[in-house]
Every structure is written in C-alpha cells, then in structure tokens.
Amino acid sequence: MASLKRLAVIAAAGALGCASSTANPARTSGPASSQPVFERDIYAFQVRGESGVPYAHPFLGGLNLPRPQLVDVDNDGDLDLFVQEYSDDLTYFERVGTEGGLPVFRWMADRFQDLDVGEWYRFADLDGDGDLDLMAEERFSYVRYYRNDSQAGRVHFTLATDTLRDAGNTPLFSDRQNIPNLTDIDCDNMLDLFIGRLTGTVSRYEETRRDPTGVPRFRLVTDRFEGIEIVANFGSRHGANTMALADVDQDGDKDLFWGDFFEQGLLMIENTGSCNRPVLRGEPVPFPDPEPVSTSGYNAPTFGDIDADGDLDLVVGVIGGAFNPNSTTIDNLLYYEQTTSGSFHLRTERLLPTLDVGSESIPVPVDLDGDGDVDLLVANKIDPADQQTSMIYAFENVGSRTDPQLAWRGPWELRGSYHYMPAFGDLDDDGDLDVVMGSWNKYLAYYRNDGSAQSLDLALADSALVELTRGSNATPALGDIDADGDIDLFVGEASGTINFYRNVGSKATPLFQLESDEYADIDIGRRSTPTLFDLDADGDLDLLIGTDNGPIAVYRNRGTQQVPDFVGEGALPVSVPPLTAPAFADMDGDGDADLLVGNAGGGLMFFRSRGR
C-alpha cells in the first residue's frame with residue numbers, strides 16, 4: 001500500500017461549482033429567488049504565491065498565449081495594456097502606477113468595448129486624426145477597422161468597415177494566425193500596411209486614398225518587402241508570425257521585429273536607411289541585447305516607453321510555438337526595460353502576476369486542516385517545471401472564515417500522471433475526508449485518510465476504485481444523490497457524457513456500481529467536468545457541468561432528494577473561458593456559496609454570490 005504524506009492542508013466538505021460576469025451580474029431563467037446571482041471579482045481577496053508576495057491579479061484566470069499591446073487608450077499620459085488570450089476577447093488593463101520598479105496595471109474589462117477582434121488586433125491611427133483606431137481580424141483572415149470616436153474623455157470605438165480593401169475593391173487578406181502592423185515607413189504621410197505571410201515574407205501595402213467615410217484604401221507595393229524571408233535556424237520552415245515596427249535605436253527610422261512559430265527568440269532587422277528611404281536588408285539578429293528572448297516560440301512584441309525615461313521598452317507575449325509550449329504556460333508575459341545605455345534587461349516574466357498553475361486548472365475548495373474555513377487545492381493538466389506529471393498545489397486559508405487570505409503551501413507529493421482531479425468525501429465514515437482521484441486515464445483511485453480531520457495522511461487504498469467503460473480524463477464528483485446516507489459517484493470524461501456509480505455498499509465500506517455511462521442522456525460535447533450543488537436552494541442536489549467550449553451546463557433536479565430527475569436548462573449566463581471546471585464554496589463565510597472556475601488558461605476565476 002503506497003502512502004501519500006504531505007503537509008497539513010485545509011478541508012471541510014468539498015463544494016464544487018460554477019461562474020459569472022462582473023459589471024452586470026446576470027440571472028438564469030426562472031424565478032428570481034430560485035438561483036443565486038454571481039458577480040466576477042478578480043481582486044476578491046489576497047492570495048500569496050510561492051515567494052510570499054500577494055498576486056496583483058489573483059483571479060485573472062491565467063494566461064497561456066497572451067498577445068499584448070501598449071496603448072494610451074485613455075489619453076492620460078501613460079501606457080495602458082491590452083492582452084488577447086482568447087478569440088474575440090480583448091482584455092484591457094489601465095496603468096495605475098509603479099511598484100518596485102515595475103508598472104502596475106488594473107483590470108478593467110475582459111471584452112473591451114464589446115468589440116469582436118477575431119484572432120488578432122492592432123491599434124494604429126488609420127484615419128490620421130491623432131488618436132489610435134483598431135484593426136482586427138474579420139472572419140476568416142480579412143481585416144476589420146474600428147474608428148476611435150472618443151470624446152471628452154469618453155473612450156468609444158465604432159465599426160468603420162468590416163473589411164479593409166485595396167484600390168480595386170478587393171478585400172485585403174491576412175492569415176488569421178499572423179499579426180500584421182501599420183505605420184508610415186517612408187515618412188510620406190501615407191500609411192503603410194505590413195502583413196507577414198506563412199512563407200516568411202512580408203507584403204507591403206501603401207495607402208492610396210480615403211473613401212468618403214474616411215476609410216483608407218491600399219495598393220499592393222510588393223509581396224517581398226525588402227527581400228525579407230524569415231527561415232527557422234533548424235531548417236527551411238516558416239510559420240505563424242507576429243510583427244512590430246519601432247524606432248528602438250532612436251535614429252529616426254522604424255526597425256522591424258519578427259516573432260515566428262519556428263523561432264525561440266525575437267528577430268530584429270535594423271533599418272539602416274533613413275525615414276524617407278528605409279533599408280531593411282540586413283540579416284535578422286536575436287533581440288534584445290544583451291538578453292535575447294528565448295522561449296517556446298511564437299513571440300508577440302510590443303514597444304512603448306513604460307518607465308517614461310524617453311526610450312522604448314519591450315513587452316513580449318509568448319504565444320507558444322514549436323519549442324514545447326507546455327514550458328511557458330506560466331512565464332509568458334515578459335517585460336524588458338531599456339536602460340540609458342541602450343541595453344535591454346528582463347525585469348519580469350510575469351507582467352500580470354496571477355494565480356496560475358499552467359494550463360487546464362481544476363479548483364477544489366475544501367477545509368483540509370479542520371479549522372472551519374475554506375482552503376484551496378488547484379490541479380493542472382501538466383506541470384511546466386516537470387512535464388512528466390500533473391501537480392496539485394495547496395493554498396491554506398491563513399485569514400478567517402469571513403475574511404479569507406490564501407497562502408501557497410506547496411504541491412502534494414503525488415506524481416506520475418496527468419490531469420489530476422481530487423474529489424473529497426468521508427468514504428469510510430471515520431469523520432475525516434478521503435479522496436477519489438481522477439486523472440487523464442480511465443481509472444479512478446481511492447486514497448484513504450489515515451490521519452485526521454486536522455491533518456491529512458493519504459494512503460492509496462485502491463488504484464482502480466472504478467474503471468470507465470470508455471474515454472479518459474476522469475473527473476469525479478461525490479454526493480449522496482439518493483439520500484440513503486452514503487456517498488455516490490458521478491464521473492465526467494473526455495467524450496462529454498456522465499458516468500453514474502451508485503454506492504451499493506455502506507457508509508463505512510463503499511462499493512460503487514455502474515448504473516449508466518450515459519447518465520440521463522447527458523452529453524455536453526467534450527470534456528465534461530461535473531459538480532453537485534443545490535443551485536436553487538430547494539433541498540436537493542443539482543448537476544452543473546464544465547465543458548470544453550466554455551459554458552457551464554445546468555441540469556436542475558426536478559425530482560426529489562431520493563429520486564433525482566435532472567433536466568437540462570441551458571447554461572449559467574456567465575462569461576467563462578474554454579475547458580471550464582466549476583466549484584462552489586462559501587469562501588467569505590456569508591452563508592451562500594461563491595463560484596470558482598478553472599479553465600484552459602491555468603488560473604482561476606472567482607464569482608462572488610450576491611444572493612438570490
């Protein structure tokens with residue numbers, strides 16, 4: 001019998017859960033009193049990381065493939081930050097100060113101005129009025145243009161055209177996995193549009209005129225701008241790419257910067273000509289000096305004078321390319337400061353510090369030390385630092401039941417599998433919490449707590465407590481669904497169905513018997529992650545299921561405590577990312593359950609319950 005010993009971590013009966021939005025909390029259909037209202041809160045309470053320093057943005061949700069741009073969108077004299085993590089979503093952070101030599105930003109919106117940006121975006125002055133407009137992807141691989149119509153301090157963008165066109169009225173094509181750029185490269189007061197191609201070349205378009213509504217038209221100048229062809233060092237490979245143009249050496253002309261799927265670094269082609277006669281024909285060189293970017297590849301650069309010292313600094317988002325993107329699922333938003341000597345130095349790899357365990361996070365709120373408040377476990381798909389295993393990290397509530405503060409307490413000493421997901425319940429009726437453990441494969445393990453309610457000492461009692469009839473990514477949820485006094489087992493899986501195992505044993509000796517591997521005909525598509533929670537406060541357990549494509553499916557129990565009857569009622573009307581893993585717990589001790597949501601980005605989202 002293998003033993004799993006670890007430091008005391010925290011636990012009261014496991015509550016698993018669901019999600020919501022921020023400014024305008026939404027309700028589900030049905031009577032207003034039947035369901036709690038959830039409101040997103042990124043800064044709900046303090047969470048301290050491994051270093052003991054509180055995360056600046058604890059419940060941001062994690063970042064796996066950030067695409068950043070520095071822009072003074074509110075015209076207050078400092079650079080704000082935009083980051084795209086998912087299709088169509090553009091997250092806006094306002095610059096609010098400096099701390100410890102690093103810029104401080106505050107989250108303002110997940111979906112800036114509710115604008116659809118497709119797979120990429122780029123702020124630039126398209127109409128020549130001195131403020132920054134917005135280009136974005138129009139499905140699929142065309143170029144949309146939002147005009148900046150801000151007035152009197154009120155930021156507002158309006159769709160000017162859904163497709164930018166050339167002088168012959170042909171839509172401009174830009175591969176959706178590439179990020180183009182726009183500038184006046186030759187100082188003739190006409191815009192130049194640069195579109196990187198999958199061949200490693202650059203197409204240059206020049207503005208020819210503006211139509212009556214002020215929308216620019218372009219003509220193709222060349223498909224091989226300056227003869228540039230970016231080829232990966234280890235072979236003749238070209239790939240998805242990003243591009244930036246900036247006068248980083250302050251010589252009056254724009255240099256070109258290229259991130260490529262097949263390139264670990266960021267490449268610079270120096271403009272050795274002038275503003276009127278650009279020349280970019282030199283060899284691409286790694287940038288910056290003396291600490292070149294080196295990541296998993298597909299690096300997205302943005303330049304701006306972040307520290308207001310008169311020169312350009314650099315922020316790089318690591319989208320993740322051909323060099324093991326699992327290694328950069330946490331350290332992927334890099335800030336390089338340019339010093340007065342012209343050198344660049346890496347200041348942080350986490351410009352937006354947040355609780356982030358890598359990718360596909362699973363939250364498990366539970367009182368692991370029996371002190372009456374809720375602690376937190378967070379599991380991941382695969383650990384960036386040890387890619388032979390998933391990890392489960394413990395955060396202890398060092399605050400109180402009504403004023404939580406979470407502190408990092410390290411990983412569980414459990415290794416060797418992926419997609420770990422623990423579900424807690426007293427399976428042997430001895431007054432403390434045991435664990436049913438799901439993972440990437442079809443077996444669920446049973447860990448018996450040989451310690452106490454105050455200090456877990458988990459021992460592997462059964463490595464195959466149950467075996468899925470098909471599928472993988474087993475995600476267990478425990479609850480007494482038939483009110484017979486023992487704990488039953490629901491299991492989600494990769495195929496999107498729900499497996500139900502009734503406990504036909506006893507409170508002290510569980511025996512889980514499969515009743516259905518397509519329980520209640522539920523099929524949410526892919527990657528079902530169930531949780532049991534009395535959503536409508538009617539005394540029985542409802543079923544809520546995280547999904548591959550984001551929404552949290554609601555199956556309300558229209559039966560009784562003894563004989564459940566789950567009826568699909570759509571999804572919780574809350575904005576959540578893909579691969580959701582919901583969990584409910586009364587984190588703030590106010591008598592109602594809040595919602596924690598794990599997701600593809602590897603962080604957590606927190607939704608505070610505002611009552612019914």
Side-chain angles (χ1 to χ4, degrees), residues 1-16 362-379 390-394 396 409 411-417 419-439 441 443-468 474-492 499-514 529-533 541 583-585:
M1 179 183 295
S3 176
L4 173 62
K5 295 186 179 287
R6 43 179 289 290
L7 46 96
V9 221
I10 347 161
L16 305 177
I362 301 279
V364 183
V366 58
D367 181 6
L368 290 169
D369 52 8
D371 64 353
D373 55 33
V374 182
D375 309 298
L376 183 64
L377 298 175
V378 188
S390 165
M391 298 295 286
I392 301 172
Y393 292 94
E396 181 182 358
R409 289 292 182 260
W412 276 23
E413 294 303 319
L414 180 68
R415 297 172 185 271
S417 194
H419 293 276
Y420 280 130
M421 179 178 178
F424 285 82
D426 185 1
L427 294 178
D428 54 7
D429 197 34
D430 64 351
D432 56 36
L433 293 174
D434 309 295
V435 171
V436 173
M437 184 71 72
S439 67
N441 64 25
Y443 299 103
L444 288 99
Y446 167 33
Y447 289 88
R448 186 184 60 248
N449 185 1
D450 289 340
S452 65
Q454 289 72 40
S455 180
L456 291 187
D457 180 4
L458 297 179
L460 180 62
D462 192 339
S463 62
L465 178 68
V466 300
E467 177 183 351
L468 298 181
T475 53
L478 294 168
D480 184 1
I481 197 62
D482 49 12
D484 64 350
D486 57 32
I487 296 176
D488 304 297
L489 173 64
F490 290 78
V491 185
N499 300 260
F500 173 55
Y501 297 82
R502 192 181 301 276
N503 188 348
V504 297
S506 66
K507 292 175 66 175
T509 308
L511 177 60
F512 294 107
Q513 179 176 290
L514 179 65
T529 305
T531 187
L532 294 164
F533 175 67
L541 292 172
F584 290 99

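Every residue was checked against the side chain to side chain donor-acceptor pair (under 3.5 Å) condition with Tyr443, not counting sequence neighbours, and none meets it. Listed by chain and residue number, nothing satisfies the side chain to side chain donor-acceptor pair (under 3.5 Å) test with Asp462 (two or more places apart in sequence, or in another chain). In terms of the side chain to side chain donor-acceptor pair (under 3.5 Å) criterion, Asp434 has no residue partners (sequence neighbours excluded). Residues that satisfy the side chain to side chain donor-acceptor pair (under 3.5 Å) test with Ser390, not counting sequence neighbours, are Asn380. Scored by the side-chain contact (heavy atoms from CB on, under 4.5 Å) test, Thr509 finds Ser506 as partners (sequence neighbours excluded). For Ser463, the side-chain contact (heavy atoms from CB on, under 4.5 Å) criterion is met by Leu460, not counting sequence neighbours. Every residue meeting the side-chain contact (heavy atoms from CB on, under 4.5 Å) condition with Leu468, not counting sequence neighbours, appears here in chain and number order: Lys442, Leu444, Ala474, Val491, Glu493, Asn499, Tyr501. Qualifying ring-ring contact (aromatic ring centres under 6.0 Å, His included) partners for Phe490, counting only residues two or more places apart in sequence or in other chains: Phe500, Tyr519. Residues forming a salt bridge (Lys or Arg N to Asp or Glu O under 4.0 Å) with Asp480 (at least two apart in sequence, or on another chain): none.
Residue Arg502 holds its CZ atom at 6.0 Å from CG of Asp488, rounded to the nearest 0.5 Å. Separating the CD atom in Glu467 from the CG atom in Asn441 is a distance of 9.0 Å, to the nearest 0.5 Å. Here CG of Leu433 is found 10.5 Å from OG of Ser452. Values are rounded to the nearest 0.5 Å.
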How far apart are the C-alpha atoms of Val466 and Leu514, what are their side-chain angles, what is the distance that settles it, and do they pass the side chain to side chain contact (heavy atoms under 4.5 Å, CB included) test?
CA-CA 9 Å; Val466 300; Leu514 179 65; over 6 Å; no

Determine whether Asp369 and Arg409 satisfy the following criterion, side chain to side chain contact (heavy atoms under 4.5 Å, CB included), listing intermediate values before the conclusion.
CA-CA 12 Å; Asp369 52 8; Arg409 289 292 182 260; over 6 Å; no

Stepwise, does the side chain to side chain contact (heavy atoms under 4.5 Å, CB included) test hold for Leu478 with Leu489?
CA-CA 5 Å; Leu478 294 168; Leu489 173 64; 3.7 Å; yes

Test log, rule side chain to side chain contact (heavy atoms under 4.5 Å, CB included), inputs Tyr420 and Leu377
CA-CA 11 Å; Tyr420 280 130; Leu377 298 175; over 6 Å; no

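With hydrogens and angles disregarded, no donor-acceptor distance shorter than 3.5 Å links the side chain of Asn449 to the backbone of Leu458. At distances below 3.5 Å, at least one donor-acceptor pair connects side-chain atoms of Asn503 with backbone N or O atoms of Ile487.
Across all non-hydrogen atoms, the minimal contact from Leu541 to Ile481 is CB-CD1, 4.1 Å. Here the closest heavy-atom approach between residue Ile392 and residue Ala379 is recorded as CG1-CB, 3.8 Å. Between Asp428 and Arg448, the closest heavy-atom pair is OD2-CG, 3.3 Å. Counting all heavy atoms, side chain and backbone alike, Met391 lies closest to Leu414 at SD-O, 4.4 Å. Heavy atoms only, all atoms of each residue included: Gly431 and Asp426 are closest at N-OD2, 2.8 Å. Ala477 and Pro530 make their closest contact through CB-O, 3.6 Å (heavy atoms, listed as atom of the first residue, atom of the second, distance).
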